[in-house]
Amino acid sequence: MAVQAAHAGGGIADHIHPEPQGFIRRYVFSIDHKIIGIQYMITGFVFFILSGLLAETIRVQLMNHAGGFVSNDTYNEVYTVHGSAMVWLVIIPIVTGGFGNFVMPLQIGARDVAFPWLNMLSFWMFPVAGLLLFSSFLVGAPVAGWTEYPPISLEGGVGTSMWCAAIFLIGVSSTLTGINFIVTIMQMRAPGMTFTRMPLFVWAQLATAPLSMVATTALAAALAALFIERQFGVPFYDPTKGGSPVLWQHMFWFYSHPAVYIMVLPVFGIVSEILPTFSRKPIFGYKMIAFSSMAIALVGFMVWAHHMFTSGLAPYLQLPFMILTYVVAVPTGVKIFSWLATLWGGKIHLTTAMLFALGFLALFTLGGITGIFLAAIPYDLHIHGTYFVVGHFHYVLVGGSLTGIFAGIYYWFPKMSGRMMNETLGKWNFALFFIGFNGTFLPMHWLGILGMPRWVPQYDPQFEFWNRFASVSSFVMTFGILLFFVNVIWSLRNGKKAGANPWGARTLEWQLPSPPHYYNFKHIPNVYGLPYDFSLPLPYKGLDEELTDSPAPVPAGSH
Amino acid sequence: MDFAVLERSVAVVGGVLVAFVSAYALYKDWKTPGLDNQVFKVMLFLLAVGAVLATLAGLGVLGNFPKAA
Amino acid sequence: MAENRQAVGFGRGFWIATAVLTVVAAGSVYFWYTLPISNALPEAILTARQIDDLFRFMAAVGSALYVFIFGYIVYFAIAFRAKKGDDPNAIGVQVHDNVRLEVLWTILPALFVVLLSIISVKIWYEITLQPANGLVVEAIGHKWYYTFRYPQVHGEITDEMHVPLGVPVTLNVTSSDVIHSFWVPAMRLKTDMVPGMVTTIRFTPVRPGRYQIICTQFCGTQHAEMNKQVFVIEDRPAYDAWFHSWQAKNANASDAVATASTGTVALAGGDAKAGQATFQAKCSACHAIGPYSQRLVGPGLKDVLHDPSHPSLVDGDAATPANVAKILQQGYKGDMGQMPSAQMNAIGDKDIANLVAYLNSLK
Amino acid sequence: MPHGAVADPDEGQVDQLYAETRQLRLQGFLLFLVSDVVLFSSFIFAYLYLRNTLPAWPPPGINRLDVGFAAFNSVVLFGSGVTMHYALESWKHGKFARYANFLIATIVLGAAFLAGQGYEYTNLYMREHVSWSGSGAFGASFFTLTGMHGFHVFVGVCYLTVLLLQSCAGVYTKEKYFGLTAGTLYWHFVDVIWVVLFSIFYLI
């Protein structure tokens with residue numbers, strides 16, 4: 001066919017090819033965005049289990065003020081790999097590579113992402129990076145925390161260099177995915193889907209993709225410099241050879257602050273889909289939510305030095321960073337209030353997905369508020385590097401991102417697998433997770449204020465009670481998460497058949513069969529409205545006929 | 001002939017040449033449409049700037065020469 | 001639509017919930033403002049009180065806000081839930097926007113940001129602009145302990161840190177190996193100890209007692225054990241006694257490791273002869289006694305103080321004895337390596353004076 | 001425009017489709033170049049930061065870089081940018097022989113630049129004893145950045161050679177030549193990065 005010959009390089013017409021039939025081409029080295037999305041999620045959850053075990057090792061060690069469960073060095077390795085893996089191998093790949101790949105092309109009415117082969121390449125860098133990172137345990141894993149501040153990270157064996165290589169690789173993957181998503185969203189929206197008709201999840205991905213692209217590249221530079229300094233003795237960071245340790249901190253945080261938004265913005269998108277669906281209400285303040293995502297992404301590039309208030313920067317340099325960090329509170333506040341207003345006056349169906357979305361709202365808000373404490377230089381001088389910080393970022397990343405990930409899985413699982421998840425198990429999962437989570441991380445704020453530093457395998461006996469409390473709570477949380485995996489595995493076999501649109505949702509992906517066909521859309525639909533108006537007919541024309549007139553069913557498990 | 005003088009003369013002459021040609025190309029392309037052409041225009045402009053810098057460096061206006069020891 | 005909104009959204013339940021939340025929020029504000037933080041963690045310096053006040057302010061506003069957000073989440077989830085008897089296709093109130101509300105919740109946080117900025121900048125100025133005229137102490141981080149230097153005490157004090165009550169302290173911190181951190185929770189102050197860099201914090205202790213110094217920046221295997229204490233001593237004679245005891249104890253060990261990076265070295269009475277010996281022992285590995293261009297690691301130093309073609313030193317200062325002494329004392333982070341400081345070279349003020357005298361004698 | 005026009009590709013709107021995929025690839029390639037710019041910018045930031053923390057630059061014992069030869073070498077690279085521009089222009093106007101000449105000139109100039117840089121490295125290493133790992137932040141930043149750039153030039157030279165061979169083999173037509181556009185974009189990018197590197201290393 002002439003069409004194929006003209007587009008051997010990839011692009012829209014690629015999916016006019018016949019569906020691959022072999023197992024390998026179809027499920028392993030697939031170029032289908034849906035399969036790749038699911039691959040990201042499965043791989044991400046495998047690493048999640050591994051780094052979850054590491055987290056429990058930390059909590060067991062801290063049951064006793066004198067430690068004693070593992071040696072100091074092992075403990076240091078454990079939390080370093082725990083942090084690095086959770087950030088780079090779990091949350092970022094799942095929210096961008098996972099949900100972004102599976103959901104975003106379906107929501108914009110595309111047959112695939114812009115560069116399917118590149119997409120496959122980005123995915124395969126991810127498990128390789130993960131293996132590299134975890135195999136550093138065999139040779140002595142890095143110890144200096146996920147931030148790896150030199151000069152301490154210049155010491156030690158080859159493990160830290162492996163860490164550099166692994167993160168570099170995942171960074172390249174992230175950059176390529178960012179490029180892929182930007183082009184996809186800019187170029188491949190269905191006709192009629194203007195920017196102001198895009199679902200908010202797509203907006204969130206559009207805000208995230210430039211962050212992954214630009215910030216991650218800056219991190220790649222920092223990592224490359226660390227790597228060549230470690231391996232070839234080229235002085236960038238070593239002060240005794242003319243380098244500067246603070247240089248690393250600038251370059252690292254220039255990435256790692258936006259990285260927080262890479263981890264959280266897509267989850268904002270997930271929540272912005274779930275809340276209107278289960279409230280049977282349009283999202284409140286669509287434009288403000290979309291705009292605030294972009295504002296957060298933009299300001300996110302200008303606040304990195306708020307992680308460095310104790311690093312000896314010139315005082316006049318610190319002030320603008322503090323104030324810009326405060327400014328982030330405004331768009332974030334706008335989002336939270338808009339979500340609240342979306343709930344108001346709705347017909348709320350408390351499905352598990354909705355519970356997790358509400359849980360996200362509750363936990364993330366608290367993480368945002370404690371962020372203000374850390375942004376205020378006078379108070380940051382007190383709590384920087386303490387358990388307050390640990391509590392804060394776990395509220396943002398676990399309470400925020402991970403809760404949102406669970407919400408997203410409960411929401412889109414029927415679309416991915418064609419089966420419903422068990423709602424009873426799901427509600428137990430939510431309850432145990434929510435209670436255990438708060439019990440684990442809430443006391444940490446107070447511990448930090450009272451003087452417990454982070455990165456310690458032993459600590460002052462006065463903090464023992466709350467540490468034990470946190471550890472026990474973390475077991476509860478772990479049990480809750482275990483139920484999640486049980487639920488997924490059980491539902492894959494035994495879940496109720498989902499049908500096309502079990503939740504009565506209105507975005508495009510729910511107008512397709514579950515799971516969607518290989519090509520997604522036989523005919524690309526025309527879009528003529530926002531997907532959130534429950535009182536109006538669906539704003540799509542030209543959808544595959546067999547689905548357009550099926551009535552919106554009641555969400556399962558809502559009573 | 002001193003090699004250093006030669007290379008500087010080439011830098012000056014070549015720099016002027018490159019600056020003029022790229023400025024001319026920019027002028028010719030000024031109204032071309034399309035994303036790629038917009039990028040090309042920025043690139044040509046920067047190229048002209050670079051050539052001017054190289055010329056000035058060759059003339060000794062910018063940058064430092066090692067002192068004749 | 002309006003009646004509908006009245007009935008569904010702003011009925012009695014909503015106002016009762018709002019009233020309850022307001023009471024709870026007020027309670028939380030009261031809680032934070034009366035919370036006796038200083039019982040749990042003493043406020044040992046002048047600014048600690050203000051820092052705690054900033055905390056109270058943020059905690060009060062934050063928790064009040066949180067009470068409303070969390071409360072409304074729970075209230076909405078219950079009040080607006082789809083009930084068993086409802087029409088399965090029932091939908092919520094179809095509102096998209098409310099410009100007034102959105103402007104309100106953009107402006108209010110923005111105002112809060114402005115207010116908070118003003119308050120924190122004010123407190124932060126007070127922290128940074130503490131008086132500089134008191135005691136100058138230097139703290140050095142090592143793996144995994146702290147040492148201190150006091151004026152007129154030779155060498156490093158390996159004991160706990162002692163400061164007299166009410167005297168402003170200027171603390172210069174640095175590190176001898178990796179990044180450490182100097183945190184006294186009771187002082188609400190922390191600064192990183194970055195190798196190759198001197199960072200200064202200032203404070204005035206106002207409460208006698210014994211407080212923990214803790215390292216919060218990961219520095220290796222025994223990071224968790226890197227603690228020391230700071231004694232704030234009310235009894236001036238007791239402080240003086242401690243001070244004199246260290247003066248005596250370090251009187252001889254003194255020149256092994258000398259005070260660095262602060263204070264100027266007295267150059268009078270430098271002995272060129274002794275300087276030459278020190279030069280041979282400590283400097284000749286990197287510097288030749290030859291012209292500037294005779295480079296080993298650093299430049300030749302034969303006429304460092306008398307060379308008209310090199311009127312300034314590597315750090316750009318004029319080539320004067322005092323500036324040479326400064327480089328000898330503080331070191332210089334060069335590119336072919338580091339010109340070690342007096343501390344790293346293990347030379348004292350006297351040695352510096354001798355060396356300068358020696359270099360000055362070369363022509 | 002989003003891809004409504006390809007809703008039914010069976011009708012074979014090849015040129016329409018080419019325009020669309022070309023737009024995709026163009027944007028993708030430009031974004032790739034943007035991320036490469038960020039990579040260079042990060043290292044440039046590192047260089048300027050280190051330079052700023054040191055009291056004197058170049059550090060004592062290291063002479064200032066020889067701007068004369070660098071200016072000469074820069075002109076070589078900038079000249080190759082101009083020839084590349086005219087190579088693409090010639091192709092667009094169907095003057096394939098002229099295109100080949102210009103492209104070969106570009107490749108030669110690019111290779112000459114690499115040789116010049118090799119000469120400069122040798123000179124620095126042998127005469128001035130400046131090395132990558134042994135000369136502090138100076139050697140680290142100079143060799144890393146110019147080395148990275150040199151690597152990009154090398155890749156570019158290879159890339160352009162492939163393009164030359166491909167165009168000889170008839171891969172591109174007068175209408176469909178996105179590969180050549182991408183090559184030109186890449187080569188201009190390499191030039192423009194050098195404008196920055198030349199300024200910050202030799203001129204300030």
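Chain naming here is simple, since letters A, B, ... match the order of the sequence lines and numbering starts at 1 in each.
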Worksheet entry | Top of D/Leu185, D/Asn73, D/Leu33, D/Val76 for chain B proximity - count of heavy-atom pairs under 4.5 angstrom | D/Leu185

Worksheet item: With a 4.0 Å cut-off, would you call D/Arg22 and B/Asp36 a salt bridge?
Response: yes

Discussion item. Suppose we call two aromatic rings close when their centres sit under 6.0 Å apart. Are D/Phe142 and D/Trp132 close by that rule?
Written reply: no

Practice prompt. Go through B/Val42, B/Val18, B/Val12 and name the one with the most non-hydrogen pairs under 4.5 angstrom from chain D.
Written response: B/Val18

Response to the item:
If one checks every heavy atom of D/Phe69 against chain B at 4.5 Å, the contacting part turns out to be both

Worksheet entry | Within the 6.0 Å centroid threshold, strictly below: D/Phe201 and D/His149 | no

Worksheet item: Who pairs with D/Tyr49 by ring-ring contact (aromatic ring centres under 6.0 Å, His included), at least two apart in sequence or on another chain?
Response: A/His250, D/Phe45

Discussion item. Please classify the contact between D/Leu77 and chain B as side chain, backbone, both or neither, with a heavy-atom cut-off of under 4.5 Å.
Written reply: neither

Discussion item. Between D/Tyr47 (side chain only) and D/Ile200 (backbone N and O only), is there a donor and an acceptor less than 3.5 Å apart?
Written reply: yes

Response to the item:
Applying a strict 4.5 Å limit to non-hydrogen atoms, the region of D/Ser199 in contact with chain B is side chain

Worksheet item: Among residues 88-107 of chain D, which residues come closer than 4.5 Å to chain B, judged by heavy atom distances?
Response: D/Leu88, D/Glu89, D/Lys92

Worksheet item: So, the side chain of D/Ser135 versus the backbone of D/Phe138: is there a donor-acceptor pair under 3.5 Å, distance only?
Response: no

Discussion item. Quick check: do D/Val153 and D/Trp194 have side-chain heavy atoms less than 4.5 Å from each other?
Written reply: no

Worksheet item: Does the ring centre of D/Phe143 sit less than 6.0 Å away from the ring centre of D/Tyr121?
Response: yes

Item to complete: Measure the NE2-CZ distance between D/His129 and D/Arg127 for me, rounded to the nearest 0.5 Å.
Response: 10.5 Å

Practice prompt. Can you measure from CG (D/Leu30) to CZ (D/Arg25) and round to the nearest 0.5 angstrom?
Written response: 13.0 Å

Item to complete: Look up atom CZ in D/Phe198 and atom OG in D/Ser74, then write down how far apart they are to the nearest 0.5 Å.
Response: 4.0 Å

Discussion item. Does anything in residues 79-87 of chain D reach chain B? List residues with heavy atoms under 4.5 Å apart, or say none.
Written reply: D/Gly79, D/Gly81, D/Val82, D/His85, D/Tyr86

Worksheet, complete the sentence: So, the part of D/Leu26 with a heavy atom under 4.5 Å from chain B: the answer is side chain

Practice prompt. List for me each residue that meets side chain to side chain contact (heavy atoms under 4.5 Å, CB included) alongside B/Gln38, sequence neighbours excluded, and say none if there are none.
Written response: B/Lys41

Fill in: Which atoms of B/Leu44 approach chain D - backbone, side chain, both or neither, heavy atom under 4.5 Å
side chain

Worksheet entry | Any D/Thr144 side-chain heavy atom under 4.5 Å of D/Phe43 side chain | yes

Worksheet item: Heavy-atom distance under 4.5 Å to chain D: side chain of B/Val39, backbone, both or neither?
Response: side chain

